[in-house]
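From a predicted model like this one, the values you see are computed outputs, not experimental measurements.
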Amino acid sequence: PLNGIVDIKGTAAGKGFKSYRVEYTKIEQNPNVIIGDNKVEVGWIILKESTTPIINGDLAAWDTSLVERGIYKIRLKVFTDFRETKYDVYVIIDNVYISSPPNSQKVNDEVIDIIGTAVGTGLERFVVEYARDDTSNNWNLIAESDTYAKEDVLASLDASQLEEGHSYKIRLRAIYSNKEVEDAVWIYKGWRFSTDNSILSSVAVGELSSNDGLEIAIASQYGLPSSPSTIFVLNNDGTVVKGWPINMDISTSSSPAIAD
């Protein structure tokens, strides 16, 4: 995404040149349009008008921190003695965001660098904090700063202090002189496993190999109830046991059974 002060460069000149205009509009989605183009232009705002021809130079400068995050259309209009010509380009504007870790990332006991951007006119400081899923109003400070950051390390979180089996929300708050903007991602401490299919029964836990610990057996099914089932067996760290999964020729909605 674009952020901060954006220089808009290009050419506005030619035979019979009179003037040019650079303007922008935010693109919204029309919820009443289900099929077809549902983009709505929310009014045009002029960035610059000039009677000076420009060739491969600066047409205008746009302070993107003064607008909301979102999709915008920038338009250049060139007026000559003969006609009016327009050129459009779409851009994404976002001045406050976390780019890493990605949303829904699984973590163990490593130190996580939280990378992102917090820039813009009037930025006084930014704050990085986290909260556990069942205590969403109890925010824990990770770091704060009164300097700009652009695709840089905002803070570092030692995941060894997080409890297993919980999701955590990491939030970036940018405090400006006249507003506050935030972005957030979720991480999960521990492991998760997806069969990509439906699970219609309980899992079974037992000793199926010579590895330390117990294994977990899962029966999953894709599509109709009559579809063949697939049996997964996982180690206690969430990895798949060698030789599994096994695709069955029959359908079953029963829990797996483990016997010696």
Side-chain angles (χ1 to χ4, degrees), residues 1-8 24-29 31 39-40 42 45 47 61-74 89-192 194 238:
L2 299 179
N3 43 62
I5 305 295
V6 174
D7 292 325
I8 301 170
Y24 71 87
T25 180
K26 188 176 184 183
I27 304 298
E28 300 280 10
Q29 304 295 321
K39 295 190 292 293
V40 178
V42 189
I45 298 176
L47 282 173
W62 184 16
D63 186 352
T64 64
S65 67
L66 302 180
V67 300
E68 298 176 344
R69 63 162 57 100
I71 301 173
Y72 289 80
K73 180 192 286 187
I74 302 174
V89 61
Y90 289 89
V91 296
I92 298 174
I93 301 299
D94 199 349
N95 284 277
V96 179
Y97 62 87
I98 297 173
S99 56
S100 181
N103 204 36
S104 300
Q105 177 169 305
K106 295 182 291 185
V107 300
N108 293 308
D109 289 335
E110 68 269 29
V111 174
I112 306 164
D113 284 335
I114 302 164
I115 300 172
T117 293
V119 297
T121 301
L123 178 67
E124 296 178 345
R125 72 183 194 280
F126 68 81
V127 177
V128 184
E129 52 200 356
Y130 75 92
R132 203 172 70 185
D133 49 12
D134 58 349
T135 58
S136 57
N137 292 322
N138 184 18
W139 292 97
N140 302 277
L141 178 67
I142 306 173
E144 62 181 321
S145 175
D146 59 0
T147 61
Y148 286 14
K150 191 165 186 176
E151 277 302 309
D152 202 354
V153 176
L154 306 172
S156 295
L157 174 63
D158 183 359
S160 65
Q161 64 185 308
L162 307 180
E163 291 187 35
E164 294 271 354
H166 284 280
S167 294
Y168 291 83
K169 185 177 184 179
I170 300 175
R171 181 171 71 176
L172 165 63
R173 291 191 298 122
I175 295 93
Y176 295 83
S177 56
N178 60 345
K179 62 182 177 181
E180 182 173 316
V181 182
E182 70 175 56
D183 190 37
V185 297
W186 287 87
I187 60 174
Y188 183 79
K189 177 66 178 292
W191 63 266
R192 287 175 170 171
S194 174

Please examine the side chains of W62 and I74, heavy atoms only from C-beta on, and report whether any two atoms are closer than 4.5 Å. yes
Ignoring hydrogens and angles, tell me if any N or O in the side chain of S99 forms a donor-acceptor pair with the backbone of I115 under 3.5 Å. yes
Taking C-beta and beyond as the side chain, do E68 and I93 meet within less than 4.5 Å on heavy atoms? no
Flag the pair Y24 / V67 as yes when at least one side-chain heavy-atom distance between them is below 4.5 Å, and no otherwise. yes
Are L162 and Y130 packed together at the side-chain level, in the sense that at least one heavy-atom pair is separated by less than 4.5 angstrom? yes
Can you list everything that forms a side chain to side chain donor-acceptor pair (under 3.5 Å) with D113? Sequence neighbours excluded, please. S156
V96 backbone acceptor or donor facing R69 side chain under 3.5 Å: yes
Side chain to side chain, H166 and K189, heavy atoms closer than 4.5 Å: no
Checking side-chain polar atoms at under 3.5 Å, does T117 have a donor or acceptor matched by the opposite partner on Y97? yes
List in chain and number order the residues that pass salt bridge (charged side-chain N to carboxylate O under 4.0 Å, His left out) with E151, two or more places apart in sequence or in another chain; answer none if no residue qualifies. none
Would you indicate whether the side-chain heavy atoms of D183 and D94 approach each other to under 4.5 Å? no
If you draw a 6.0 Å radius around CD1 in I92, do more than 12 non-hydrogen atoms from other residues or ligands fall strictly inside? no
Any side-chain heavy atom of I98 within less than 4.5 Å of one from I170? yes
